[in-house]
4 protein chains.
Amino acid sequence: MCGIVGMVGHDSVNQEIYDALLLLQHRGQDSTGIATAEANGVIHEHKVKGQVREAFRTRDMRALLGNIGLGHVRYATKGTASSEEEAQPFYVNAPYGIVLVHNGNLTNTRELTDELFHKDRRHLNTSSDTELLVNVLANELQASISGLQLDPEQVFQAVARVHERVEGSYAAIALIAGYGLLAFRDPFGIRPLILGVRRSEDDSRDEWTVASESLVLDNAGFEVVRDVEPGEAVFIDLDGRLWSRQCAADPKLLPCSFEYVYLARPDSVMNGIAVYESRLRMGERLADTIAKYTPKDAIDVVMPIPDSSRPSAMEVARKLGIEYREGFYKNRYVGRTFIMPGQAVRKKSVRQKLNAMPSEFAGKNVLLIDDSIVRGTTSREIIQMARDAGAKTVTFASAAPPVRYPHVYGINMPSRHELVAYNRTIPEIAEELGCDYLVYQEVEDLKAAILEGSDITDLDMSCFDGRYVTGTVTEEYLAWVEGSQES
Amino acid sequence: MCGIVGMVGHDSVNQEIYDALLLLQHRGQDSTGIATAEANGVIHEHKVKGQVREAFRTRDMRALLGNIGLGHVRYATKGTASSEEEAQPFYVNAPYGIVLVHNGNLTNTRELTDELFHKDRRHLNTSSDTELLVNVLANELQASISGLQLDPEQVFQAVARVHERVEGSYAAIALIAGYGLLAFRDPFGIRPLILGVRRSEDDSRDEWTVASESLVLDNAGFEVVRDVEPGEAVFIDLDGRLWSRQCAADPKLLPCSFEYVYLARPDSVMNGIAVYESRLRMGERLADTIAKYTPKDAIDVVMPIPDSSRPSAMEVARKLGIEYREGFYKNRYVGRTFIMPGQAVRKKSVRQKLNAMPSEFAGKNVLLIDDSIVRGTTSREIIQMARDAGAKTVTFASAAPPVRYPHVYGINMPSRHELVAYNRTIPEIAEELGCDYLVYQEVEDLKAAILEGSDITDLDMSCFDGRYVTGTVTEEYLAWVEGSQES
Amino acid sequence: MCGIVGMVGHDSVNQEIYDALLLLQHRGQDSTGIATAEANGVIHEHKVKGQVREAFRTRDMRALLGNIGLGHVRYATKGTASSEEEAQPFYVNAPYGIVLVHNGNLTNTRELTDELFHKDRRHLNTSSDTELLVNVLANELQASISGLQLDPEQVFQAVARVHERVEGSYAAIALIAGYGLLAFRDPFGIRPLILGVRRSEDDSRDEWTVASESLVLDNAGFEVVRDVEPGEAVFIDLDGRLWSRQCAADPKLLPCSFEYVYLARPDSVMNGIAVYESRLRMGERLADTIAKYTPKDAIDVVMPIPDSSRPSAMEVARKLGIEYREGFYKNRYVGRTFIMPGQAVRKKSVRQKLNAMPSEFAGKNVLLIDDSIVRGTTSREIIQMARDAGAKTVTFASAAPPVRYPHVYGINMPSRHELVAYNRTIPEIAEELGCDYLVYQEVEDLKAAILEGSDITDLDMSCFDGRYVTGTVTEEYLAWVEGSQES
Amino acid sequence: MCGIVGMVGHDSVNQEIYDALLLLQHRGQDSTGIATAEANGVIHEHKVKGQVREAFRTRDMRALLGNIGLGHVRYATKGTASSEEEAQPFYVNAPYGIVLVHNGNLTNTRELTDELFHKDRRHLNTSSDTELLVNVLANELQASISGLQLDPEQVFQAVARVHERVEGSYAAIALIAGYGLLAFRDPFGIRPLILGVRRSEDDSRDEWTVASESLVLDNAGFEVVRDVEPGEAVFIDLDGRLWSRQCAADPKLLPCSFEYVYLARPDSVMNGIAVYESRLRMGERLADTIAKYTPKDAIDVVMPIPDSSRPSAMEVARKLGIEYREGFYKNRYVGRTFIMPGQAVRKKSVRQKLNAMPSEFAGKNVLLIDDSIVRGTTSREIIQMARDAGAKTVTFASAAPPVRYPHVYGINMPSRHELVAYNRTIPEIAEELGCDYLVYQEVEDLKAAILEGSDITDLDMSCFDGRYVTGTVTEEYLAWVEGSQES
């Protein structure tokens, strides 16, 4: 999982990109990077491990000169060696000098690596699929250009070729030195990307931004233009002129359902769907399922597991007519466990992140709402905490259906046998988690909750239903990817 | 405002103190420090600017050897030059080697500085009142000792002398190299300090901790023994034996009411009063006042300003029978504004910390609950955000009474003329803030809400009522302190 | 001025390259870098400002994996913005991934920059001519390859094309990821490059190194094979097999005379000429000129300006039959002048680097020998120091002729009007320097001293005689370069 | 071995102390520190591992405010744990605030440690004898003061008490916050300390400096006043007024002979004796001994081992009438050996520091002159290098006598059994070193060479003759110290 942003402004964009990355920090906290370019084409870049707040010193920011730039926050996945080397953006110096950031995951990396090395003679220095993507783009751009000046048409041809060669999910932003900013989204639009503008009143040059989430636009005073469409490419030159083109043969929007369940900030609107409202609707539908599967009067109080399940939980409470309370307090400051010579690593428990308020639990039948259940280890600890705090019975409900399949489109998830719902019935999962009752959202309800009121017809729900929309996701691929996942 | 912790354990205490400081991080984020001592008396210390997470590298932690130690997080106040030099703990090397951390604020610093320089010939290298405190303690300890070995009785004599010389608020922990850990609290117990134990089953040596808040004890598996009493000193030697003594002539518990209003974490219990529950009661009483001062049907929905006003807001909603919603989303990742050459400093607005969910505001009469109103600038921006998001009318209510006086006991507050309630009536404040209706908690209600069910009879509420319990707080002092405040 | 080294070994080469850079540190102290490659082609690089000793931490070295690598030390020139960004090596990722280091200076940079941008569509991110060189090489390599595997023949074709496109001086080493190490020297062999081998006894794989100076080979136990010839390219693959080819149309060896005068370490042998012995011969010939131009008995004692003029001075003393003494002590530890707020920059005088031993000067007629005189400011200060220490008369002699022209082949020298010898006769220079007598080596004597016993017939002596061997050095070019010089 | 400097100036002294430390860098390169004090008594300090050049960043220097200060460079000894914690200066905060730097070694550390802990109740946090010294001084100062103001008389009383309690060698400088700078030297004046002044013309305030070596004074434009006398204390107040007093009962000057042999820079004058000239005289006398013990015509050429033996070697050559040549080149840039995972530590050989010029050795009988021989390992390697470079025979001569006893007065030397001369005759040593002939300076000749022309009557030559001037150096002490030496 990653967050990306690109910007073409009147003045220096470094601070605005920095601010945007802070707003996208929830999408990845392992590494971050910014690249900018000056009008003369000189590119500046700074990328390091860690969160945005710690990554950029004044001297780093001062070096990021230029009115055009892009940024990235990254959630590293276990398969990837060194967070530092895999940090984005990635740069290639020909043609023109291209810097690229990417949110998503390519699923034909093995074929692409072979082709790039043998056919295109390009050097890949890491196992990052982003390095693959920038090299495929560079290669196709090299092939499509003719004449002295790069023109948007040639850029769109290159993106069309990228769509042909690359499989998987990719929302990407590229800076082409001396020319402009390119943004494109895979033909299924799995990962989000939204376009905003700050119209110039007294100046013919508009300012543009593209970002993973709309709240970046809201916060910086950009007006939402629209989501970049699946398969579409958008090119903005240094003078703020914008071109766009559908570059895919057969695009079809299938946005990732997990963005609505958990990833996105509630104050974002993605593909026209307000995330917060979709979560309220998940709560509404979950309430019905809870009513169906739990004994009447089994619940005295409804509580969210903070923070992302709050809207759903509040709606469950309202719909069921049961009191809503906040029984858990979430600790915001998370630190490290240092390995001292001769000491074993201590396991950090959930208790360092959550604390229970005993007075809310004592003697009560509590219903805990979480957004989803993946490994189940956290849920098990939370249920135990509720009991320790005095709960009479604990009912646990998930606003998402059981997660039973790997997520290969850019969200780091464990391999199948680590998923608590893998090969288990709901009663078996309940026993595993230690709760009195366990309720999951129905798959169709999740889909309906997200899509209600939208004219989008389908979603990527592969981790719930095992239906992978891109061609290369075979059982053999899933087995391979379970060793080394990419976001 | 600061957070402190001390520990005497079986093994290395560095990681546990680090974990404790993370839990106390909400009490101060400007600098942090840890000191430990080995059995042979060698002291190790590391203190720097910034948050705990960024302050300690593996090599720093590895150097913090020893089974006894203490730690500090600090909220720097505007009057203090360099956060690095004022970072705690402070060390003096005679007698014995003493390291001390302190939460509070001394109010006779000018007199003490004079005495220490002229009479005690001690060198003060900073303007920190903590450096004053450790030097007064060292001086009195030097005076009270006789014979070869330090005994607890001598330590208590020294604390008694500290109480005589020092005025103001102070919860302090000191490590005496080669001897043990000393914790003491001023005769009014203004700032909190709680004692916990981990009983040893198979070992005669118990492990002890003292900390600003009880959640540190809960989290690390310490059982709460009790709060350190006002004027009391507790001494724990290297073998885990504990002595305690009342060292003040006329102690009287007057805990700081602001801990309950805002400072403390809701899952802490302070002076026997559960912070979370006191906030629920504040909501209950505030509801009555709201009902009294706002027209019937003026409110469609109740919303908290996250995070600390959530319990009060929920209780207001319940009591008034109005729907509770979370209309604001709080951004967790806060960054910096870099000053680029030739650019002016941009003001960071509240909008970078809070975002409104339009669907919750559109066309509604909203009641916003905050824990308190100090300068009023944030409240004004939030009220405007609610209007921008579509609110029909905005009622604003504060769970604390108007803040009209400086806080001189360890909380950094602006000088009087910067307080929005200073010299203004409530309607004038409402106009200043731009809300339709404004409701404040009554002073007596706040007091009752905190003390209900407790046998404590009084509180420090000086910033609400101007009544200062320590002798030296005169009008002249207030004028002086408004230039240079200390926590 | 720069120093370069490349190595293909059996084991990790990081420490050996580091050791080599320390030995080449006298060739540049402003920035340094190392790149290595693993057998699988993954490239690792670390480059920063400062000296070798300060530049590489343990973690940096641990990341420099691989049995093939190269390194660089750089002397930054005034025209170049940021030492950090101009630090070598430079990397391009297609074809194959190439990292290159370079000692020298290209003289047709303006034309190359244009061609690369417009024709080759390659992005240059700095004003470094090394970035130009690696891009020209990459472009020509891209053009020359066909088939799946790179073969040495294609590499040599590319170097031949580089010789056609590029003008100036360049001794360069390139690492081609997955293939091997390439070293080549410009068709005039202006800058040095020497090849060494460590023959394997029990293994068929030899180990190879190429470096700016032979002492690197001596020190690391490599046997000198020969200097790389002007125009020649040498390619060593990952298995230690070596190919070489003359790639220039009309090569002719014209090594830089300044290497012998000042740059190279005395224990190096360059182009078959021992530097130390050439300096002895310079002393011998200088003695004759001194005898010719100074009054008999004008000199009591001969002293070197440490360190590089020591051999010449010793030989002057021997030939003239005058006592040799060391009257100056050179301070090895050089620091910085910090600019404090509100203070002007203090000029660091020569006295911080040299100190005079009064007993050697008192009442004596001293002859001071230096290797060369450039600006004259240092000489003037030294002459004054000798007088202050009590010298009766001061004769100053330079082992090199007057420096009257810019050096455009990789040594940073001031523009012409800053050269003390520019437009001045020797008596005028003597007056400028403040010495009683001034003697310069004759141009022909310097040439003869260097070449004696060698079959090399000519040298680059352009800074002494204004004769530039490469085509593009016009008066217009010299005027341009005096603003922005490159090494 | 350490270097120290103190200064009282008109303006900020940070840069001048920094420059002085660079000039003293040859006395210690393991750690360094500076402390300064402002007129109001606030002390600033920065001390870290490493050389001066790397230790102070601009921000560190900017924080070192004040017109009075002191500095230190340290050569760490094997017995001492962490260079960082033992870095000087050391600080105590009562009385007044004292910061102290020290060159030397106390020999009754065990007794002092006991006394300080039990009697004076002072905490020692390291095993540094400098921490002992500052605490003894602080304790005695505390005892001697009376009345409100510190007066010089009280300071001198305290120093007198220090002389009574402390044994060993100590040249020390202390800054007393708010009062001034104190410098004192042990009653035998074993380690050097010299006083300089910059007279004010238009201002009544003179500027003063005290330093380990006179070249610091020369370089910064201070006029030499005199050496601080053995047992004497000098006190300079903040207004530049100076007091001095003999504080020892029975002072007698016995300066360390090793300063003249090796430690001091040749351009220093110590105790009235010019170091350079004493080395010339060592050469003169050594020449006679060489003539006595080597066959006539056994030597074709005389060579120094650079740098410190150069003056002696030159004089040997002159006296013997044999040609002087420089056959070795010394590499100035010394780096580290990195320990890579799974690799053994490689031994750095002398060859990385010295290189031989073959033409000077080929077929010749060479006489190598070194300043002294300690372990003999370096000498053995150098002799082998001479042979490898083609020398026919190698004669080795040491300007100092055989080192057969530990040095306990502040120079780090190995324990006795590691000294090549320990329990060996000269022929046995020659065999051990592998030279054809070996000549040592006679003990009496060294003494005479140093003292010639001076009215000093005796020297500390304990490492040559085993005669220790301070009382506590017993055989038991020597055995103990051989485990943990201090400088």
Side-chain angles (χ1 to χ4, degrees), chain C residues 11-12 14-15 18-19 21-26 29 50-54 56-58 60-62 215 218-219 265-267 274 276-277 280 306-307 310-311 314 317-318 323-326 328-341 343 346 348 351-352 355-360, chain D residues 11-12 14-15 18-19 21-26 29 50-54 56-58 60-62 215 218-219 265-267 274 276-277 280 306-307 310-311 314 317-318 323-326 328-341 343 346 348 351-352 355-360:
Chain C
D11 301 312
S12 287
N14 52 1
Q15 177 82 47
Y18 172 91
D19 289 342
L21 292 180
L22 279 167
L23 293 168
L24 296 173
Q25 186 79 82
H26 61 286
Q29 298 166 36
Q51 294 193 14
V52 176
R53 179 190 152 87
E54 305 156 20
F56 297 90
R57 295 160 301 176
T58 299
D60 302 322
M61 287 295 278
R62 291 200 173 177
L215 74 99
D218 301 343
N219 197 282
R265 262 184 51 169
D267 46 345
Y276 175 72
E277 288 169 47
L280 292 180
D307 291 326
R310 214 171 254 135
M314 213 173 289
R318 202 186 52 78
E323 195 177 1
Y324 172 86
R325 303 299 285 183
E326 297 244 352
F328 292 105
Y329 181 83
K330 185 170 181 178
N331 184 19
R332 303 296 168 191
Y333 306 100
V334 182
R336 299 172 46 197
T337 297
F338 295 91
I339 301 160
M340 296 296 127
Q343 287 185 4
R346 276 190 325 150
K348 286 259 174 187
R351 280 164 205 260
Q352 292 192 271
N355 215 8
M357 238 67 69
S359 62
E360 294 292 8
Chain D
D11 302 311
S12 287
N14 51 1
Q15 177 82 48
Y18 172 90
D19 290 342
L21 292 180
L22 278 167
L23 293 168
L24 296 173
Q25 186 80 81
H26 61 286
Q29 299 166 36
Q51 295 193 15
V52 175
R53 179 190 152 89
E54 305 157 19
F56 297 90
R57 294 161 299 176
T58 299
D60 302 322
M61 287 296 278
R62 291 199 174 179
L215 74 100
D218 302 343
N219 198 282
R265 263 184 51 169
D267 46 345
Y276 175 72
E277 288 168 49
L280 292 179
D307 288 326
R310 212 170 255 135
M314 213 172 289
R318 202 186 52 77
E323 195 178 358
Y324 172 86
R325 303 300 284 185
E326 297 244 353
F328 292 104
Y329 182 82
K330 185 170 181 179
N331 184 19
R332 303 296 168 194
Y333 306 100
V334 181
R336 299 172 48 198
T337 298
F338 295 92
I339 301 161
M340 296 295 127
Q343 287 186 4
R346 275 190 326 148
K348 287 260 173 186
R351 280 165 206 260
Q352 292 193 272
N355 215 8
M357 238 66 73
S359 62
E360 293 292 8

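Residue numbers start from 1 in every chain, and the chains themselves are labelled A, B, ... in the order their sequence lines are given, proteins ahead of strands.
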A.B. asks: Might you point out which heavy atoms bring D:Tyr276 and C:Glu326 nearest each other, and give the distance in Å?
C.D. replies: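 For D:Tyr276 versus C:Glu326, the nearest heavy atoms are OH-O, 3.4 Å.
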A.B. asks: Highest number of heavy-atom pairs under 4.5 Å with chain C: which of D:Ala274, D:Pro358, D:Ser359?
C.D. replies: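 Sorted descending by pairs with chain C, the first entry is D:Ser359.
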A.B. asks: Excluding sequence neighbours, so at least two apart, what forms salt bridge (charged side-chain N to carboxylate O under 4.0 Å, His left out) with D:Arg53?
C.D. replies: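 Counting only residues at least two positions away or on another chain, D:Arg53 forms a salt bridge (charged side-chain N to carboxylate O under 4.0 Å, His left out) with C:Glu54.
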A.B. asks: How many angstroms lie between CG in D:Asn331 and CG in C:Leu215, if you round to the nearest 0.5 Å?
C.D. replies: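 So the CG of D:Asn331 and the CG of C:Leu215 are separated by 8.0 Å.
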A.B. asks: Looking at D:Gln51, D:Arg265, D:Gln29, which has the largest count of heavy-atom pairs under 4.5 Å with chain C?
C.D. replies: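 Most pairs with chain C among the choices: D:Arg265.
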A.B. asks: Who wins among D:Arg325, D:Glu277, D:His26, D:Arg318 for the most heavy-atom pairs under 4.5 Å with chain C?
C.D. replies: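 Result: the option with the highest number of such pairs is D:Arg325.
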A.B. asks: Please enumerate all residues that pass side chain to side chain donor-acceptor pair (under 3.5 Å) together with D:Asp307, with sequence neighbours excluded.
C.D. replies: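 For D:Asp307 the side chain to side chain donor-acceptor pair (under 3.5 Å) partners, ignoring immediate neighbours, are D:Arg310, D:Arg332.
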A.B. asks: Under a 4.5 Å heavy-atom cut-off, does chain D meet the side chain of C:Asp267, its backbone, both or neither?
C.D. replies: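 The answer is both parts of C:Asp267.
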A.B. asks: Check whether C:Phe328 gets within reach of chain D through its side chain, its backbone, both or neither, counting any heavy atom under 4.5 Å.
C.D. replies: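 No part of C:Phe328 comes within 4.5 Å of chain D.
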A.B. asks: Less than 4.5 Å to any heavy atom of chain D: does that hold for the side chain of C:Leu280, its backbone, both, or neither?
C.D. replies: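 For C:Leu280, side-chain heavy atoms alone lie under 4.5 Å from chain D.
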